[in-house]
Amino acid sequence: MISKNKSIAIVSVGILIFLFCFSLFIGNYEIDFIKGLNLLLGNGNKDLLEYKIIWNLRIPRAVMAIIIGMLLGSSGAITQTLFRNPMADPYIIGISASGTFGAVIAFLLGLSEVYFGVFGSIFSFITSLLIFKLSNSKRGSLDLSTLLIIGIAISALLRAVISLVMYIVGEDSFRVVLWTMGYLGGADWKKIVILLVPLLFSLIYFYINRYNLDIILLSDEEAHSLGVDIKKFKDKVLMISTFMVGFSVAFTGMIGFVGLIIPHLVRIIFGSSNIKLIPLSMLYGGLFLLLCDTISRGVLTTMEIPIGIVTAIFGAPFFIYLAFKNRRGV
């Protein structure tokens with residue numbers, strides 16, 4: 001007999017597949033459902049505009065939304081585990097802003113898109129280490145107030161620098177503007193292939209170390225008694241997490257709150273074990289971001305809303321809820 005949690009996960013996969021197909025018919029250019037379905041199955045003239053829209057624009061965009069959601073959702077779960085706090089979202093504490101800053105630097109240097117992710121990952125990792133170090137109290141535990149203040153300060157500083165770059169670049173700053181709001185409209189198969197590298201690498205690494213991931217939830221003394229060098233393992237996991245965030249924001253900009261909302265909801269439904277939390281955060285992160293992208297393209301008939309705005313509409317109230325919940329000690 002299939003357990004309740006497995007049933008929920010299976011239904012969620014079905015919803016994801018349905019939403020993927022549904023999203024292909026959402027956009028400024030209307031496509032007849034039957035005609036679009038035939039084109040989706042590979043039938044019809046490949047020179048038709050509808051065929052090019054589906055296969056060259058909407059399918060890559062939907063796939064990219066799922067991949068980015070998977071990366072952001074799982075990296076949020078890892079960040080919250082490392083900082084031992086459900087409010088430690090990469091977007092809120094400045095990691096996403098540092099990744100975007102790295103991508104902007106690569107863009108200004110005229111480097112290829114692969115280096116956007118490399119620079120984004122490097123800057124994200126440096127920022128993560130800095131936040132991790134500064135947020136530690138004298139007793140060795142992470143202080144929530146300090147974590148949020150440092151994260152917000154770093155994010156504000158980097159956003160100011162990015163704004164300065166936009167001002168200096170002038171008319172050519174449109175791509176940088178999109179990075180600050182979050183944008184999936186530039187999706188293509190080349191970027192998808194590049195993004196599969198951090199996704200597959202992280203999946204393999206987390207599967208191999210799936211049991212050690214739960215040890216992070218224990219105290220350092222308990223972890224050492226189990227034969228795990230917890231400090232070294234945390235550094236490796238932090239590097240993988242920032243690698244994922246860096247490549248995500250390098251191609252889509254700052255899409256916030258995915259790493260805050262999804263892991264928290266997964267914990268409520270499936271429990272806090274990282275063996276379940278990380279892969280399920282990937283699943284629901286992909287589902288959530290695809291839903292937000294579909295909304296961003298379908299709400300207005302003449303234009304699309306940047307996806308970062310849509311996720312913020314969902315995420316900001318949720319963040320306030322968590323802040324009050326944490327304050328009350330619930």
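Worth knowing before you read on, the calculation uses all heavy atoms, side chains too, and leaves out hydrogens, waters and symmetry mates.
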When you compare the side chain of [Y] with that of [X], does any pair of heavy atoms fall below 4.5 Å?
| X | Y | answer |
| --- | --- | --- |
| Thr79 | Pro90 | yes |
| Leu283 | Met70 | no |
| Met254 | Met181 | no |
| Met282 | Leu199 | yes |

For the side chain of [X] and the backbone of [Y], is there at least one donor-acceptor N/O pair under 3.5 Å apart?
| X | Y | answer |
| --- | --- | --- |
| Asn274 | Leu213 | yes |
| Ser225 | Glu222 | yes |
| Ser124 | Gly120 | yes |
| Lys276 | Gly271 | no |
| Glu304 | Ile295 | no |
| Ser241 | Val237 | no |
| Asn209 | Asn212 | no |

Phe243 vs Phe201, test: side-chain contact (heavy atoms from CB on, under 4.5 Å). Steps then yes/no. CA-CA 10 Å; Phe243 177 57; Phe201 180 81; 4.1 Å; yes

Output all residues satisfying ring pair (Phe, Tyr, Trp, His ring centres under 6.0 Å) with Phe125, sequence neighbours left out; order by chain, then residue number. none

For His264, which of Phe257, Phe318, Phe319 qualifies under ring pair (Phe, Tyr, Trp, His ring centres under 6.0 Å)? Phe318

When every non-hydrogen atom of Thr180 is compared with those of Val177, the smallest separation belongs to OG1-O, 2.5 Å

Minimum-distance pair of heavy atoms, taken over all atoms of Val245 and Ser96: CG1-OG, 4.0 Å

Check for me, please, whether [X] and [Y] land in the same ILVMFWY cluster - side-chain distances under 4.5 Å, paths through other members count.
| X | Y | value |
| --- | --- | --- |
| Leu49 | Ile26 | yes |
| Ile208 | Leu82 | no |
| Val197 | Met244 | no |
| Ile275 | Phe270 | no |
| Ile78 | Tyr211 | no |

Are side-chain N/O atoms of Ser98 and Thr127 paired as donor and acceptor at under 3.5 Å? yes

Is there a donor-acceptor contact under 3.5 Å linking the side chains of Tyr284 and Ser12? yes

Ring centre gap for Phe314 and Phe288 strictly below 6.0 Å: yes

Ignoring hydrogens and angles, write down the donor-acceptor pairs under 3.5 Å from the side chains of residues 305-312, residues two or more places apart or on other chains.
{"from": "Thr311", "atom 1": "OG1", "to": "Gly256", "atom 2": "O", "distance (Å)": "3.1"}
{"from": "Thr311", "atom 1": "OG1", "to": "Ile307", "atom 2": "O", "distance (Å)": "3.4"}
{"from": "Thr311", "atom 1": "OG1", "to": "Gly308", "atom 2": "O", "distance (Å)": "3.0"}

Sorted by chain and number, sequence neighbours left out, salt bridge (charged side-chain N to carboxylate O under 4.0 Å, His left out) with Asp293 holds for Arg61, Arg297

List the steps, then state whether side-chain contact (heavy atoms from CB on, under 4.5 Å) holds for Tyr91 with Leu72. CA-CA 9 Å; Tyr91 177 80; Leu72 293 177; over 6 Å; no

So Ile194 and Phe116, side-chain contact (heavy atoms from CB on, under 4.5 Å) or not? Walk me through it. CA-CA 11 Å; Ile194 295 172; Phe116 293 178; over 6 Å; no

Using 30° and 60° as the class boundaries, would you call the ring planes of Phe123 and Phe101 parallel, tilted or perpendicular? perpendicular

